[in-house]
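As structure tokens, the structure follows; a few thoughts come after it.
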Amino acid sequence: MILLLTSNLPRKILLAALSGILNILIFPKPALSFLSWICLVPLLVAAHQEAKAWRAFFLGQITGLLFFFGSCRWIMDVLHTYGDLGQVGSFLCFLLLVGYLSLFYAIFLLVYSRVSFRFPRSCYLLTPFLWVGTEFLRGHLLTGFPWCLLGYSLVDYSNLAQMARVTGVYGLSFALILVNSLVSATLLERSRQSLRNLLLAILLLGTVSGFYALSHRAPSPGKQLVRIAQTNLSPELKWDVESRISVLNELERLSLSAELDAEARQKGTAKLLIWPETPAPFYFNQDPVFRQRMQTLARRSGSNVLFGFVDYKDTSNPHCEINPFNSAALLAPTGDLISQYDKIHLVPFGEYVPYGRLFFFVEKISTEAGNFRAGNRIVASSLEGSGIIGGFICYEAIFPELVRRFTRQGAQVLYNLTNDAWFGDSDAPYQHLNMARFRAIENHRYL
């Protein structure tokens with residue numbers, strides 16, 4: 001039956017397309033994560049001992065094209081709505097990105113098909129190494145785009161996901177591909193040995209999950225109150241002096257509101273007050289009026305205040321005025337500046353255009369004049385009596401090695417300042433949240 005299904009190219013194309021669709025369904029919004037255990041089985045069956053290398057490459061690209069087109073279509077909407085590229089321009093740029101990302105699936109399947117010829121028995125155990133290798137490359141080549149790695153689909157498997165404390169998200173991807181590969185082996189070989197291998201893998205993963213379930217401790221209750229001020233702003237809002245003042249007044253009202261519940265009143269003043277990532281074009285270091293209002297807010301609230309703003313490092317040099325920084329500042333209750341963090345990993349084609357000579361035709365999504373510049377320093381700040389906090393900004397949540405540097409710097413609590421309104425009512429905010437949740441798991445920190 002299996003040989004009949006995979007005997008010609010059209011049937012193999014259907015199997016590759018099925019894997020692409022299943023890969024879309026395992027991430028939000030469908031979030032049918034249970035399908036992640038079999039989502040690549042059709043593709044692996046189709047490419048097993050494929051004689052022609054170009055066909056294996058082609059099949060992998062079909063799966064990749066469908067997956068990235070379906071799960072990342074929000075990029076096209078963002079480029080069209082905020083990038084001023086037009087429908088045709090945004091579609092072509094998105095298609096270029098999807099074509100590039102699908103190459104990683106194609107390369108994986110090409111190598112897998114060759115390995116299945118060379119090592120017909122052990123190829124199923126080698127497959128997870130090949131997959132994780134291509135995921136790692138996708139996360140690092142050409143600025144990296146590790147969006148929706150396979151392991152992220154297990155974020156709600158709360159016990160098994162704890163593996164990431166040791167292996168990172170790549171370890172969960174490895175586990176999923178191992179099961180997918182052994183399922184395909186069972187279908188292709190129909191031998192007792194392949195079935196035993198599959199059951200052994202399931203037993204091993206179940207044991208790991210059980211170990212973390214038994215060692216689980218209930219979270220300790222919070223000892224400090226944190227207040228989060230969140231407005232409802234349209235990214236299409238046209239900023240002028242009046243609108244900036246209006247937004248600032250609204251944020252101050254939310255920050256100083258006395259409408260606290262009973263538990264909050266019992267705990268008293270919030271130790272930390274958090275605003276979102278750059279909610280408006282605010283310039284803490286260049287705008288004395290805004291700076292004075294933030295310092296006054298810190299004193300009135302009696303809290304440390306964490307907020308996003310745009311910074312220019314050297315306004316005395318006109319050449320630097322076209323290079324803003326996406327920054328976050330932390331103020332003490334006295335109004336003094338404790339620390340400033342400048343975003344290190346910027347959004348390509350959003351906050352800057354990588355390889356500018358090649359992509360000279362691409363307009364930036366950001367309304368800032370010129371490219372944002374990247375920071376170069378990890379910042380973890382000590383709050384008196386409340387430990388050390390450290391955080392990253394928006395897109396940086398998808399880079400495990402970057403976030404890990406904050407905990408190495410001593411951060412006991414992590415924060416992620418973000419503005420997901422850019423993505424509208426798409427899948428992106430939910431996908432982004434799940435990746436940020438994995439950073440909490442990997443670093444064993446509250447986020």
Quick check: do [X] and [Y] have side-chain heavy atoms less than 4.5 Å from each other?
X: Trp275; Y: Ser255; value: yes
X: Gln224; Y: Leu272; value: no
X: Val98; Y: Met76; value: no
X: Pro276; Y: Leu233; value: no
X: Leu330; Y: Leu383; value: yes
X: Val41; Y: Ser19; value: no

Determine whether a donor-acceptor pair (N or O, by modelled atom type, separation under 3.5 Å) exists between the side chain of [X] and the backbone of [Y].
X: Thr63; Y: Ala16; result: yes
X: Asn180; Y: Ser36; result: yes
X: Gln340; Y: Ala329; result: no
X: Glu442; Y: Gly168; result: no
X: Ser303; Y: Lys271; result: no
X: Gln431; Y: Pro28; result: yes
X: Thr207; Y: Leu203; result: yes

Enclosure of [X] [atom1] (heavy-atom neighbours >12, cutoff 6.0 Å):
X: Tyr157; atom1: OH; answer: yes
X: Asn376; atom1: CG; answer: no
X: Arg138; atom1: CZ; answer: yes
X: Arg165; atom1: CZ; answer: yes
X: Tyr170; atom1: OH; answer: yes

Qualifying ring-ring contact (aromatic ring centres under 6.0 Å, His included) pairs with a residue from residues 428-447, counting only residues at least two apart or across chains: Tyr152-Phe438
From the options [options], select the one residue that forms a ring pair (Phe, Tyr, Trp, His ring centres under 6.0 Å) with [X].
X: Tyr341; options: Tyr415, Phe392, Phe406; result: Phe406
X: Trp147; options: Phe27, Trp74, Phe67; result: Trp74
X: Trp131; options: Tyr105, Tyr124, Phe104, Phe136; result: Tyr105
X: Phe284; options: Phe307, Tyr312, Phe325; result: Phe307

Flag for Asp420-Thr418: side-chain donor and acceptor within less than 3.5 Å: yes
Any donor-acceptor N or O pair under 3.5 Å, side chains Ser246, Asn249: no
Passing candidate, side chain to side chain contact (heavy atoms under 4.5 Å, CB included) with His345, options Ile393, Ile398, Leu402: Leu402
Run the salt bridge (Lys or Arg N to Asp or Glu O under 4.0 Å) test against [X] and tell me which residues pass, sequence neighbours left out.
X: Arg405; value: none
X: Glu135; value: none
X: Glu250; value: Arg253
X: Arg299; value: none

Salt bridge Asp156-Arg437, side-chain N to carboxylate O under 4.0 Å: yes
Residues Arg293, Asp287: salt bridge by 4.0 Å N-O rule: no
Whether Phe129 and Phe174 hold their rings parallel, tilted or perpendicular, with breakpoints at 30° and 60°: perpendicular
His216: partners by ring pair (Phe, Tyr, Trp, His ring centres under 6.0 Å), with sequence neighbours left out: none
